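This structure is a prediction, so every number in the text was calculated from the model and none was measured.
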Amino acid sequence: MTVWQEAPIYDRLVTERGDVPAQVRQEAEQTLRGLEQLIRPRAASAGPHTQQAQQFPPGR
């Protein structure tokens, strides 16, 4: 059970406005994937020092 399930106001807001935190999280993950695709090919050609600096945590 999450904190939000214990807060009826959250359910009402989700019904009225949509699940904004979930939408923001989805957009952020999409942006991160796009940036990773742009950065990784360049990092591979730039050498090992750049690759170490460009590591991203998985799924975040």
Side-chain angles (χ1 to χ4, degrees):
M1 179 179 279
T2 65
V3 174
W4 304 121
Q5 291 173 336
E6 299 171 9
I9 188 74
Y10 183 78
D11 291 333
R12 190 169 131 211
L13 286 170
V14 169
T15 300
E16 291 175 5
R17 311 252 173 165
D19 193 350
V20 175
Q23 292 169 357
V24 169
R25 185 172 37 256
Q26 181 180 10
E27 289 294 324
E29 289 171 352
Q30 243 178 346
T31 301
L32 181 60
R33 283 192 299 271
L35 289 173
E36 286 176 337
Q37 289 177 356
L38 290 174
I39 292 171
R40 284 190 179 161
R42 291 182 184 165
S45 64
H49 298 292
T50 306
Q51 286 178 335
Q52 289 175 348
Q54 299 298 332
Q55 292 178 353
F56 296 101
R60 292 192 179 217

Strictly below 4.0 Å, N to O, side chains only: are Glu29 and Arg25 in salt-bridge contact?
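Salt bridge absent between Glu29 and Arg25.
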Out of the candidates Leu32, Ile39, Leu38, only one should pair with Glu36 under the side-chain contact (heavy atoms from CB on, under 4.5 Å) rule; please name it.
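Result: among Leu32, Ile39, Leu38, Leu32 is the only option passing the side-chain contact (heavy atoms from CB on, under 4.5 Å) with Glu36.
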Got Tyr10 and Asp19 here, is their nearest side-chain heavy-atom distance under 4.5 Å?
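Tyr10 vs Asp19: side chains touch.
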To the nearest 0.5 Å, what is the distance between CD on Gln30 and CG on Leu35?
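Spacing of CD (Gln30) from CG (Leu35) equals 11.5 Å.
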